[in-house]
Amino acid sequence: KPKSQVPAVLSVVDIAGLVPGAHEGAGLGNAFLSHISGVDGIFHVVRAFEDDEITHTEGDVNPVRDLEIISNELIQKDLQQLSKKMEDLDARIKRNNDKDAKEEKEVLLKVKENLEKGQWVKDGEWKAKEVEILNTLLFITSKPVVYLVNLTVADYKRKGNKWLVKIQDWINSHGGGPII
């Protein structure tokens with residue numbers, strides 16, 4: 001019998017999917033990406049069923065391709081953010097040889113290396129001091145992800161779909177994460 005109760009709150013916002021080139025403004029582009037920069041986590045819904053009445057921006061259903069597109073767009077957006085931050089840090093270092101800026105730049109160089117390899121920030125190995133710096137930057141790829149696979153009722157009941165193993169393999173090779 002606690003003295004007070006505070007109900008848990010979970011706000012979920014459905015944001016339309018990304019298309020290739022979104023980090024450069026294609027589709028909803030930067031508007032979409034700016035909406036997710038401040039979130040605590042991402043539910044990534046991936047479609048794994050055919051339906052002639054539901055169009056797909058790429059013309060056909062291929063959830064592995066879709067996972068790759070989204071991942072690449074989020075990485076590209078983080079690289080853009082990183083580039084702007086690096087310019088600011090270089091100016092601070094040049095202006096007054098700022099020690100904190102040098103430390104932050106070292107972390108960002110490591111982030112850049114990981115992103116360029118296709119690795120999300122959340123999947124890197126970071127020391128405590130690096131995590132402190134990363135926590136101030138809100139990289140999209142630093143967010144935890146839960147993958148939600150959208151199936152037909154029949155596929156769900158039989159617990160099978162031609163894409164499930166391929167989706168699982170892709171997720172495992174890209175940092176892993178829970179799948180529902």
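For reference, positions follow the sequence shown, starting with 1. Heavy-atom basis, side chains included; hydrogens, waters and symmetry copies ignored. Given the structure is predicted, the values throughout are model-derived calculations rather than measurements.
- Qualifying salt bridge (Lys or Arg N to Asp or Glu O under 4.0 Å) partners for R95, counting only residues two or more places apart in sequence or in other chains: none.
- Linking ILVMFWY side-chain heavy atoms closer than 4.5 Å, directly or via other members, places V131 and L89 in a single hydrophobic cluster.
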Can you list the steps and then say if K77 with E73 is a salt bridge (charged side-chain N to carboxylate O under 4.0 Å, His left out)? CA-CA 6 Å; K77 186 61 178 178; E73 289 303 317; over 6 Å; no
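- In this structure, V145 is a member of the same hydrophobic cluster as V64, with clusters built from ILVMFWY side-chain heavy atoms closer than 4.5 Å.
- A cation-pi arrangement is found for R47 relative to F49, the charged atom lying closer than 6.0 Å to the ring centre and inside a 45° cone about the ring normal.
- Under the 4.5 Å side-chain heavy-atom criterion for ILVMFWY residues, a single connected hydrophobic cluster contains both L109 and L79.
- Among residue pairs with one or both ends in residues 161-170, none qualify as salt bridge (Lys or Arg N to Asp or Glu O under 4.0 Å); sequence neighbours excluded.
- Panel note: side chain Q81, backbone L137; a donor-acceptor pair is recorded below 3.5 Å.
- Put simply, the side chain of V46 does not reach to within 4.5 Å of the side chain of Y147, judged on heavy atoms.
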Step-by-step side chain to side chain contact (heavy atoms under 4.5 Å, CB included) determination, D78 to L82: CA-CA 6 Å; D78 277 356; L82 185 137; 6.0 Å; no
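- V39 and F139 fall within the same hydrophobic cluster, defined by Ile, Leu, Val, Met, Phe, Trp and Tyr side-chain heavy atoms under 4.5 Å apart, directly or through other members.
- The nearest pair of heavy atoms linking V149 to A48 is CG1-CB, 3.8 Å.
- For E116, the CD atom counts as densely surrounded, since its 6.0 Å shell holds more than 12 non-hydrogen atoms of other residues, nucleotides or ligands.
- Formation of a donor-acceptor pair under 3.5 Å by the D155 side chain with backbone atoms of L151 is not found in this model.
- Side-chain atoms of R65 come within 3.5 Å of backbone atoms of D60 as a donor-acceptor pair (strictly under, hydrogens ignored).
- At a threshold of 4.5 Å between non-hydrogen side-chain atoms, the residues I140 and I42 count as touching.
- Remark: D98 pairs with R92 by the salt bridge (Lys or Arg N to Asp or Glu O under 4.0 Å) rule, at least two apart or across chains.
- With sequence neighbours left out, I180 forms a side-chain contact (heavy atoms from CB on, under 4.5 Å) with V146, L148.
- Atoms CG and CD, from N72 and Q76 in turn, are 7.0 Å apart once rounded to the nearest 0.5 Å.
- P63 is listed as a side-chain neighbour of V61, based on a closest heavy-atom distance under 4.5 Å.
- The two residues W126 and V121 have their closest heavy-atom pair at NE1-O, 2.9 Å.
- One distance of note links CD1 of I171 with CD1 of I179; it measures 3.5 Å at 0.5 Å rounding.
- Under 3.5 Å, the side chains of W120 and S142 contain no donor-acceptor pair of N or O atoms.
- Here the shortest heavy-atom pairing between L115 and I75 reads O-CG2, 3.4 Å.
- With no hydrogens or angles considered, a side-chain donor-acceptor pair links Q168 and N172 at under 3.5 Å.
- Shortest non-hydrogen contact noted between G124 and N114 is CA-ND2, 4.0 Å.
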Would you give me the side-chain donor-acceptor pairs under 3.5 Å for residues 101-108, sequence neighbours excluded?
residue: K102; atom: NZ; partner: N97; partner atom: OD1; Å: 2.5
residue: E104; atom: OE2; partner: K85; partner atom: NZ; Å: 3.4
residue: K105; atom: NZ; partner: D90; partner atom: OD1; Å: 2.7

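- Residue pairs meeting the salt bridge (Lys or Arg N to Asp or Glu O under 4.0 Å) criterion with at least one member in residues 130-154, sequence neighbours excluded: K110-E130.
- Within a 6.0 Å sphere centred on CG of D40, other residues, nucleotides and ligands contribute 12 heavy atoms or fewer.
- Criterion: ILVMFWY side-chain heavy atoms under 4.5 Å apart, direct or through other members. Under it, V45 and I70 are not part of a common hydrophobic cluster.
- In this structure, the side chains of L164 and K159 stay at 4.5 Å or more apart for every pair of heavy atoms.
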